[in-house]
*Asks:* 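Have a look at this one.
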Amino acid sequence: MALSFLAFGSRTTTGLLWLTVINLALLLVFRYGFIFLRREIKVFLWQTAIIVSLYMLRFGWIDGFKQGAMISWQLSLAYMPGVIFIKTTPQPRIVETFSAVAPYRAAFVMATCFKFIPLILTEIRNIYEGQVFRGAKILRRDLLNPCNWPDLVFCLALPVIIRSMNLAGEITLAAKARNFGFKKKRTCWPGI
Amino acid sequence: MNRISLKESLFLGFCAVFILLSRAALRLHLGISGHVMFSMMFFLLIARGCVPRFFAATITGLFAGVAAMALGMGKGGPLLLIKFVLPALVVDICAMTLPFMFQSYLLCAFVAATAASTKFIDTYVMDRLVSMNPDIILQHAFLEAAPAVFFGVAGSLFVPPVIRRLKSYGVI
């Protein structure tokens with residue numbers, strides 16, 4: 001957070017250079033590899049291209065390039081600490097922090113949804129394969145044509161929505177059978 | 001009863017999961033800015049259409065934002081929450097003022113355009129914070145928001161038929 005604010009406030013090349021060095025050092029400390037850096041550089045380049053071209057249109061080639069590149073650099077440094085925070089903080093820690101401030105039901109829903117992601121993915125895959133065999137035009141090459149997008153919605157999204165509603169009903173039944181919500185204070189089965 | 005039931009909250013959670021799954025899937029194959037708004041608007045509107053409670057879409061947006069943070073998706077760190085919650089809040093407010101919007105293509109498109117245009121606010125605030133030139137801030141925010149609005153409207157156009165089918169199947 002502090003690094004992001006420093007990036008917002010920094011107006012000199014020296015300041016931005018220092019912040020870049022600190023961010024790269026953080027990446028090295030947390031051992032984030034070339035793939036992560038490559039993806040960030042891709043986002044940075046795309047953003048730079050837009051901002052620099054807008055500045056060049058407004059202030060001319062040389063001045064526009066200098067100012068645009070500077071702003072884009074600053075913007076990337078403002079984003080970078082947030083990305084590093086997300087990548088380096090363990091997932092359970094973020095959910096734990098959320099659970100501490102959220103009501104017990106929200107924490108339960110959050111945890112359940114995370115837990116059921118693999119099952120949902122399996123369901124999606126099964127429905128997808130079934131619909132492809134039925135002739136739905138939802139193969140990757142078919143989806144390049146926007147005319148086939150309704151097939152994706154009606155043959156895949158709709159059954160998945162219905163299945164997720166049923167799944168939500170089943171989980172609710174199971175939770176209620178275990179007296180979920182009986183006590184307002186959060187409880188858990190002993191030994192877990 | 002105004003309180004959201006456990007089944008409804010779980011469904012909203014699943015909608016949040018769908019937003020993230022489609023976001024992850026689209027991110028791998030398309031390089032167009034704002035295309036994730038297609039699935040985001042679709043599932044936010046579906047969430048609000050299936051669970052007619054105030055804050056249903058906002059809860060979905062909040063879940064999706066926290067989950068995106070937990071899974072390390074997208075750029076912006078904690079700002080990701082704003083990116084998800086702001087359009088969801090717009091959907092909720094519009095659904096409250098226009099209760100019949102899920103039956104109309106035009107109203108759904110209007111709500112999606114309004115909600116997707118919150119990307120303009122995100123970009124504007126970020127650019128403002130780095131002291132970008134005011135003229136360029138507007139142009140940049142517009143360039144970011146325009147595709148988002150386009151894809152958001154495209155996603156919203158599938159909502160009325162889907163809601164209608166869900167009603168006819170007796171699911172909602």
Side-chain angles (χ1 to χ4, degrees), chain A residues 1 4 7-8 11 40 43 46 50-51 54-55 57-59 67-68 71 74-75 78-79 81-87 89 91-92 94-95 98 105-106 108-110 112-114 116-117 120-121 124 140 146 149-150 153-154 157-158 160-162 164-165 167-169 171-172 175-176 180-181, chain B residues 4-18 20-22 29 31 33 38-39 42-43 46 50 59 62-63 66-80 126-127 129-133 135-136 139-140 143-144 154-155 157-159 161-162 165-166 169 171-172:
Chain A
M1 200 74 119
S4 278
F8 284 130
R11 299 279 178 272
E40 291 313 308
V43 174
W46 174 249
I50 295 174
I51 296 172
L54 286 173
Y55 263 89
L57 283 172
R58 178 82 170 74
F59 296 106
Q67 289 182 39
I71 288 286
Q74 207 178 343
L75 211 55
Y79 274 129
V83 178
I84 296 173
F85 161 76
I86 279 180
K87 295 278 177 194
T89 312
Q91 291 170 16
I94 295 175
V95 179
F98 179 72
R105 186 188 281 192
F108 172 76
V109 171
M110 191 82 189
T112 310
C113 290
F114 267 116
F116 278 84
I117 287 179
I120 291 173
L121 280 174
I124 293 174
R140 201 174 291 175
W149 291 3
V153 173
F154 296 117
L158 189 68
V160 167
I161 290 168
I162 295 172
S164 70
M165 275 190 165
L167 192 62
I171 296 169
T172 308
K176 282 192 176 161
F180 177 79
Chain B
I4 295 180
S5 69
L6 184 60
K7 186 186 170 186
E8 288 170 337
S9 343
L10 281 167
F11 176 69
L12 297 181
F14 287 139
C15 282
V17 168
F18 294 144
L20 294 181
L21 289 178
S22 48
H29 305 298
S33 173
F38 181 90
S39 58
F42 176 74
F43 283 113
I46 287 289
C50 294
I59 290 168
L62 192 66
F63 277 146
V66 175
M69 276 174 67
L71 296 171
M73 292 170 76
K75 60 184 169 82
L79 283 171
L80 263 175
M126 282 300 286
D127 290 354
L129 283 171
V130 291
S131 323
M132 210 186 258
N133 183 288
D135 293 344
I136 294 173
Q139 287 169 357
H140 183 225
L143 278 178
E144 289 284 325
L157 292 177
F158 292 109
V159 173
V162 169
R165 285 194 190 195
L166 288 172
Y169 294 153
V171 183
I172 51 172

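Naming convention: chains lettered A, B, ... in sequence-line order (proteins, then strands); numbering from 1 in each chain. In this text the structure is predicted, and so the values were computed from the model without any measurement.
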*Asks:* Taking side chain as everything from C-beta outward and backbone as N, CA, C, O, which of these in A:Leu121 sits under 4.5 Å from a heavy atom of chain B? Side chain, backbone, both or neither.
*Replies:* side chain
*Asks:* How many angstroms lie between CZ in A:Arg105 and CD1 in B:Ile4, if you round to the nearest 0.5 Å?
*Replies:* 8.5 Å
*Asks:* State which residues pass ring-ring contact (aromatic ring centres under 6.0 Å, His included) with B:Phe14; sequence neighbours excluded, sorted by chain then number.
*Replies:* none
*Asks:* Is any side-chain heavy atom of A:Val153 closer than 4.5 Å to a side-chain heavy atom of B:Phe42?
*Replies:* yes
*Asks:* Using every non-hydrogen atom in the two residues, find where A:Met110 and B:Ala67 come nearest and quote the distance to one decimal.
*Replies:* CE-N, 3.7 Å
*Asks:* Looking only at heavy atoms, which two atoms of B:Lys7 and A:Met165 are closest? And how far apart?
*Replies:* CE-O, 3.6 Å
*Asks:* Is there side-chain contact between B:Leu166 and A:Leu158, with at least one heavy-atom pair below 4.5 Å?
*Replies:* yes
*Asks:* Any idea which heavy atoms bring A:Ala168 and B:Phe11 closest together, and the distance?
*Replies:* CB-N, 4.0 Å
*Asks:* A:Pro150 versus chain B, heavy atoms under 4.5 Å apart: side chain, backbone, both or neither?
*Replies:* both
*Asks:* Roughly how far apart are B:Leu10 CG and A:Leu167 CG, rounded to 0.5 Å?
*Replies:* 8.5 Å
*Asks:* Can you find a pair of side-chain heavy atoms, one from A:Ile120 and one from B:Leu21, that are under 4.5 Å apart?
*Replies:* yes
*Asks:* Is B:Val162 close to chain A through its backbone or its side chain, or both, or neither, when contacts mean heavy atoms under 4.5 Å?
*Replies:* both
*Asks:* Please state whether the side chain, the backbone, both or neither of B:Ile59 comes within less than 4.5 Å of a heavy atom of chain A.
*Replies:* neither
*Asks:* Got a sec, which residues hit ring-ring contact (aromatic ring centres under 6.0 Å, His included) with B:Phe43, two or more places apart in sequence or on another chain?
*Replies:* B:Phe18
*Asks:* With a 4.5 Å heavy-atom cut-off, do B:Ser9 and A:Phe108 have their side chains touching?
*Replies:* no
*Asks:* Check for me whether the distance between the ring centres of B:Phe158 and A:Trp149 falls short of 6.0 Å.
*Replies:* no
